[in-house]
Amino acid sequence: QVQVVESGGNLVQAGGSLRLSCLASGDTSSTYAMAWFRQAPGKDREFVAAIMWSDSTTYYGDPVRGRFTISGNNAKTAVTLQMNSLEPEDTAVYYCAATRSPSVGTVLGPWYEYDYWGQGTQVTVSS
């Protein structure tokens, strides 16, 4: 089992920046990738970004590409999401997740392909 805990959510003005952190514990050696998803009220859970532990390859969803950056440590225990140029449309609960699958197809979602989840952290961007 792997436990995942997010932190760093906050209220920020449009154009501002925020940094989310995710800590994983337990059997992290069994995971191949970690990712961030987000879910706004009334919408499906959406892929944001992911990092593959094997070679640190990163992937991004179209809405955030060029504005967000995901990074992680070699121990597979920490992932961060640096969010710049935030927009009101980025308002959502952000979730950190880990997967035991080495497949890139799995890494890119959908969300139910992931095995372990945190409780989420709220990000609100005011206009």
Side-chain angles (χ1 to χ4, degrees):
Q1 289 293 315
V2 176
Q3 294 75 44
V4 178
V5 179
E6 309 96 335
S7 63
N10 211 331
L11 171 65
V12 63
Q13 288 189 332
S17 298
L18 205 57
R19 186 179 180 91
L20 303 183
S21 297
C22 174
L23 295 179
S25 60
D27 188 20
T28 57
S29 62
S30 67
T31 61
Y32 282 87
M34 290 187 71
W36 290 94
F37 286 78
R38 67 185 183 184
Q39 189 166 17
K43 295 188 177 182
D44 290 335
R45 194 167 294 192
E46 175 187 37
F47 173 79
V48 175
I51 183 167
M52 300 286 289
W53 294 128
S54 59
D55 57 5
S56 298
T57 299
T58 57
Y59 301 91
Y60 296 93
D62 288 341
V64 308
R65 187 174 291 112
R67 299 187 296 123
F68 291 10
T69 303
I70 188 171
S71 60
N73 67 354
N74 292 333
K76 304 183 179 182
T77 59
V79 172
T80 61
L81 185 68
Q82 178 65 42
M83 305 185 294
N84 299 328
S85 302
L86 283 162
E87 305 167 352
E89 293 74 21
D90 295 317
T91 295
V93 177
Y94 283 70
Y95 296 92
C96 182
T99 178
R100 294 175 298 178
S101 172
S103 167
V104 173
T106 297
V107 170
L108 297 178
W111 63 268
Y112 47 79
E113 296 284 358
Y114 278 72
D115 302 292
Y116 307 106
W117 290 87
Q119 294 299 307
T121 186
Q122 177 70 48
V123 172
T124 303
V125 184
S126 63
S127 57

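In Y59, the OH atom is crowded: over 12 heavy atoms of neighbouring residues, nucleotides or ligands sit closer than 6.0 Å. Counting heavy atoms of neighbouring residues, nucleotides and ligands inside a 6.0 Å radius, atom CG of D55 exceeds 12 of them. Within 6.0 Å of atom CH2 in W111, 12 or fewer heavy atoms from other residues, nucleotides or ligands are found, so the atom counts as exposed in its surroundings.
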Take R38 and V64, measure what side-chain contact (heavy atoms from CB on, under 4.5 Å) needs, and give me the verdict at the end. CA-CA 11 Å; R38 67 185 183 184; V64 308; 3.8 Å; yes

From CA spacing to verdict: side-chain contact (heavy atoms from CB on, under 4.5 Å), M34, Y116: CA-CA 9 Å; M34 290 187 71; Y116 307 106; over 6 Å; no

Test log, rule side-chain contact (heavy atoms from CB on, under 4.5 Å), inputs S17 and V12: CA-CA 7 Å; S17 298; V12 63; over 6 Å; no

Output, in order, the C-alpha distance, side-chain angles, deciding distance and verdict of side-chain contact (heavy atoms from CB on, under 4.5 Å) for M52 and V107. CA-CA 8 Å; M52 300 286 289; V107 170; 3.1 Å; yes

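Listed here is the closest heavy atom pair of V79 and I51: CG2-CG2, 4.3 Å. Shown here for V123 and G9, the closest heavy-atom pair between the two residues is CG2-CA, 4.1 Å. Of all non-hydrogen atoms in T28 and A75, the two that sit nearest each other are OG1-O, 3.9 Å. The minimum heavy-atom distance linking Q39 with K43 is given by the pair NE2-O, 3.1 Å. Summarising the geometry of S85 relative to D90, their closest heavy-atom pair is O-OD2, 4.4 Å, with the distance given to 0.1 Å. Closest non-hydrogen pair, V93 versus G120, comes out as CG1-CA, 3.8 Å.
Under the side chain to side chain contact (heavy atoms under 4.5 Å, CB included) rule, P63 has a single partner from E89, E87, E46, which is E46.
Put simply, the side chain of M83 reaches to within 4.5 Å of the side chain of Y94, judged on heavy atoms. The closest side-chain heavy-atom distance from R45 to Y114 is not below 4.5 Å. Proximity of D27 to S29: side-chain heavy atoms (C-beta onward) are separated by under 4.5 Å at one or more points.
For Y95, there are no ring pair (Phe, Tyr, Trp, His ring centres under 6.0 Å) partners at least two apart in sequence or on another chain.
Hydrophobic clustering places V48 together with W53 (ILVMFWY residues linked when any side-chain heavy atoms are closer than 4.5 Å, directly or through intermediates). Linking Ile, Leu, Val, Met, Phe, Trp and Tyr residues whenever their side-chain heavy atoms come within less than 4.5 Å leaves Y32 and Y60 in two separate clusters. I70 and V4 are not part of a single hydrophobic cluster, where members link through side-chain heavy atoms under 4.5 Å apart. Under a hydrophobic-cluster definition in which Ile, Leu, Val, Met, Phe, Trp and Tyr are linked whenever side-chain heavy atoms come within less than 4.5 Å, directly or via other members, V5 and F37 are assigned to different clusters.
Judged as a salt bridge (Lys or Arg N to Asp or Glu O under 4.0 Å), the pairs with a partner in residues 106-116 (not counting sequence neighbours) are, in order, R100-D115.
Separating the CD atom in E6 from the SG atom in C22 is a distance of 5.5 Å, to the nearest 0.5 Å. Atom CD of residue Q122 and atom OG1 of residue T91 lie 7.5 Å apart, to the nearest 0.5 angstrom. Atom CD of Q119 sits about 13.5 Å away from atom OG of S7, to the nearest 0.5 Å. Distance check, rounded to the nearest 0.5 Å: CZ of F47 to CG of D62 gives 10.0 Å.
Defined by atom type and a distance below 3.5 Å, a donor-acceptor pair is present between the side-chain atoms of T80 and S71.
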